[in-house]
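Accompanying notes for the structure given below.
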Amino acid sequence: MKPSVIALYVVIVIAGITAPLVFPNYTFQIAVLWMMILFALTWDIMGGQMGYNSLGNIFFFGAGMYISAVVQIAQFAPVGEYTSAFGAYQVEFTDAQYYTGLGLGIVAAGIGAIFCAVILGACVFGLRGPYFAIGTLGLALAAAELIGGWEWVGGGGGISMPVFPGGPDLRSRFFYYIVFVLAITTFGFLRWLYTTRFGLAINAIRDNESKAEAMGLHTKRYKTAAWSIAAFFLGMVGAVFGNMVGFIEPLEVAFPTVTFGIFMVAMSLLGGKGTLWGPVLGATLFHVIKELTWIYLLGWQWVALGAIIVINVVFFQQGILGWAMDRWPEKFGIVVEPSPGEGRAVGAQEAAQ
Amino acid sequence: MRTLIDVRNVSKTFGGVVANHDISLKVPEGEITGLIGPNGSGKTTLFNCIVGNHPIDSGSIVFQDREITTFTVQKIARLGLLRTFQQTHIYGNMNCIQNMLISVPHRTEGYSDMFRPYRREAYERVDELLEFVGLYSKRKLQAGDLSFGQQKLLEFAMALMNGPKVLLLDEPTAGINPTLINGLIDRLKRANQELGITLFVIEHNMRVIMNLAEHIYCLAHGELLAQGSPNEIQNDQRVIDAYLGAH
Ligand SMILES: Nc1ncnc2c1ncn2[C@@H]1O[C@H](COP(=O)(O)OP(=O)(O)OP(=O)(O)O)[C@@H](O)[C@H]1O
Ligand SMILES: [Mg+2]
């Protein structure tokens, strides 16, 4: 790694750690920013690196949220009774029980989401192009409907999550740091992942799946793994977000298909899909613009966001990083020659893409 | 001589079009076998049948004494039976090195291998093979930006990287600069002799196939018309008529 890159990482980590102390009033918004970065990064595994544009990734977010809620509640109450009381259920639990439940919930959410990805993948990986996009969108919409009709998990009325045992400041900082660590971990994991055979394999599937099959690549395995990895991180962050908001319900919080579900696509496209940094850049820019328009352009905020997406898709299809790579290919190692047999040079270039 | 691929009475129709009708042929191990025939005579279709691209209507295909008629494309490829495409198939948004690296054999790949970085030997092999096909200086370019002929050469190198037992080549010299064709013939022969890869080659260029193959099959209208040594084929009246009649 170059010193400048290391410096960049250090700055980002320090900024992430100190942000809630410097801007205590914006802790929630900054936590959502990290979540957006995670959204864009995980969407890009399939959408950018593998060429499978999923519009239903938000499904794993909501699934994780509900799995965690059930696991947490089951620690100290029968789930059905708790949810049917709509928050009026009197519960007694210790701090330790709360944290244990939360920890178990997050882990269960991640693992449960992987489960869902493996099963659903078997159904939808036969679809290509727009059919895959619509098929996955259908999954997310159907999930919201199904949860809405399932009284045991609160139906359309939702669930009040167990109350955090601490003051509001501690609460917001606590959840902030979990989201922050999840986002950073996702980034680090993908950064490594894209330097392994996995990175090239999913790129090969994107560029020419029938060739990859003709060369004997285990395409099914790679596709399932790619979706599972995305699902794992989305499920965990869903679990945390449910607790952070404190109240979960299917349409607006757990499976917000037209907001978060579309944002994750828009953010990856804006920053440059199929690159490691593009989704990070796109998510940051998008979230900041979104928050600013909410403050200064109230009433027009959706128009402004829509305009960004249209400009991006019409004039800027490769996104910011993609455009920069076309403009200055040598800066991205496309022309620079690695010495033969030098693995790290190619790996670094992979990472830069 | 052991038979590596045994095609037995294979038929394939597309709607009303009989692309292959009752074709039987053998590809012996270690040799170079040729497949010729006018346009639309069913050569590419036969390749597709052999590698499992589409189900066949009747007949069977045996590879190394093993029936592979119903196997998937991937499974057949992992057995060491590989094909290249008439229209080049490469990974356009990846550079040549990456195209080569991902072409390593997947025969014994386990789940943990999916997440392993490439070894030094893999990179060395890539350099060797790109050198072998004359693309070493282009190795950092996006494969999609290469010319058609260069993509053909890259696809050939990728196939070699996969270390197959037998390689089905669909018109390897189409689109290659005539001055480079002799070099390519030489490379195909070296792949056969030095790497021990059995070749089964579709070719329109008569000079090339007569030079290359030890045994040639000729298709016309989806049927096997003739077979024999290059000399016999060249002088076979039915072959001459099929080619003249087709033009
Ligand atoms: N997937 C397909 N669907 C429908 N018809 C097909 C298909 N593939 C091939 N055919 C038909 O089968 C016949 C044989 O085609 P094929 O591609 O095998 O010929 P070929 O010998 O490879 O010709 P060429 O020398 O031009 O490559 C043609 O009439 C073609 O139209
Ligand atoms: Mg053909």
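Chain naming here is simple, since letters A, B, ... match the order of the sequence lines and numbering starts at 1 in each. Just so you know, these numbers come straight off a predicted model, no measurement behind them.
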So how far is it from [X] [atom1] to [Y] [atom2], rounded to the nearest 0.5 Å?
{"X": "A:Tyr222", "Y": "B:Glu109", "atom1": "OH", "atom2": "CD", "answer": "3.5 Å"}
{"X": "B:Ile102", "Y": "A:Leu217", "atom1": "CD1", "atom2": "CG", "answer": "5.5 Å"}
{"X": "A:Glu213", "Y": "B:His89", "atom1": "CD", "atom2": "NE2", "answer": "11.5 Å"}
{"X": "A:Leu200", "Y": "B:Tyr118", "atom1": "CG", "atom2": "OH", "answer": "4.5 Å"}
{"X": "A:Thr195", "Y": "B:Arg116", "atom1": "OG1", "atom2": "CZ", "answer": "13.5 Å"}
{"X": "B:Asn93", "Y": "A:Asp207", "atom1": "CG", "atom2": "CG", "answer": "4.5 Å"}

Contact origin within [X] toward chain A - heavy atom pairs under 4.5 Å:
{"X": "B:Val126", "answer": "neither"}
{"X": "B:Met161", "answer": "neither"}
{"X": "B:Ala159", "answer": "backbone"}
{"X": "B:Ile90", "answer": "backbone"}
{"X": "B:Val73", "answer": "both"}

Counting only heavy atoms not in [X] (residues, nucleotides, ligands), do more than 12 fall under 6.0 Å from its [atom1]?
{"X": "B:Lys189", "atom1": "NZ", "result": "yes"}
{"X": "B:Phe71", "atom1": "CZ", "result": "yes"}
{"X": "A:Tyr131", "atom1": "OH", "result": "no"}
{"X": "B:Phe14", "atom1": "CZ", "result": "yes"}

With sequence neighbours left out, write down each residue that passes salt bridge (Lys or Arg N to Asp or Glu O under 4.0 Å) with B:Arg107, or none if nothing qualifies. none
side-chain contact (heavy atoms from CB on, under 4.5 Å) between B:His106 and A:Arg221: does it pass, once the steps are laid out? CA-CA 12 Å; B:His106 303 283; A:Arg221 265 189 214 173; over 6 Å; no
Side chains of A:Thr219 and B:Gln74, heavy atoms from C-beta outward: is any pair under 4.5 Å? yes
Donor-acceptor check, side chain of B:Asn162 to backbone of A:Met215, threshold 3.5 angstrom: yes or no? yes
Flag, side chain of B:Arg78 to backbone of A:Gly216, donor-acceptor distance under 3.5 Å: yes
Heavy atoms of B:Ala77 and A:Ala214 approach each other most closely as CB-O, 3.2 Å
B:Met114 to A:Ala225 - nearest heavy-atom pair and separation: CE-CB, 4.0 Å
Hey, what's the ring geometry for B:Phe115 with A:Trp192, parallel, tilted or perpendicular (30° and 60° as the breaks)? parallel
For residues 53-62 of chain B, which residue pairs qualify under side chain to side chain donor-acceptor pair (under 3.5 Å), counting only residues two or more places apart or in two chains? B:Thr13-B:Asp57, B:Asn48-B:Asn53
What option among B:Arg119, B:Arg125, B:Glu155 has the most heavy-atom pairs under 4.5 Å with chain A? B:Glu155
Evaluate B:Phe85 against A:Lys211 for side-chain contact (heavy atoms from CB on, under 4.5 Å), listing each step before the verdict. CA-CA 9 Å; B:Phe85 292 86; A:Lys211 174 67 175 177; 4.0 Å; yes
